[in-house]
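Starting from 1, each residue takes its place in the sequence as its number.
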Amino acid sequence: MNMNEMKTFIRLPAVLAATGLSRSTVLRAVKAGTFPAPIHIGPHAVAWDSGAVAQWQLDRIAASTIIKV
């Protein structure tokens, strides 16, 4: 990423809408290391990098399309 590229942060309600997961499932997955960790954006605020969440979605799609024999 070059210095001119802006990152987009999304808050928890947008993460939940984008993934279809519940709040507790997202937080459990973050703790387990299977979902991107939030970024502290203020003293009492966190958000997720939208690109990391999008990559997580692509990884789930790829994993679900692998033919299991």
Is there a path of hydrophobic side-chain contacts, each under 4.5 Å between heavy atoms, that joins I39 and V30?
no
Among residues two or more places apart or on two chains, list those pairs meeting salt bridge (charged side-chain N to carboxylate O under 4.0 Å, His left out) that have a residue in residues 8-32.
none
What pairs of residues pass the salt bridge (charged side-chain N to carboxylate O under 4.0 Å, His left out) test when at least one of them lies in residues 33-46, not counting sequence neighbours?
none
Taking salt bridge (Lys or Arg N to Asp or Glu O under 4.0 Å) as the definition, give me every residue that meets it alongside D59, ordered by chain and number, with sequence neighbours left out.
none
Could you report the tightest heavy-atom contact between I61 and S64, atom names first, then the distance?
O-OG, 2.9 Å
Spacing of I41 atom CD1 and F9 atom CZ [to the nearest 0.5 Å]
7.0 Å
Residues forming a side chain to side chain donor-acceptor pair (under 3.5 Å) with T25, sequence neighbours excluded
S22
Write out all pairs satisfying side-chain hydrogen bond (donor to acceptor under 3.5 Å, both in side chains) with one or both partners inside residues 34-49, taking only residues at least two apart or from two chains.
K7-D49
Working to the nearest 0.5 Å, report the span between CG of L27 and CZ of F35.
9.5 Å
Identify the heavy atoms of P36 and A52 that sit nearest to each other, and give their distance.
CG-O, 3.5 Å
Side-chain donor or acceptor of T8 paired with backbone N/O of S50 under 3.5 Å:
no
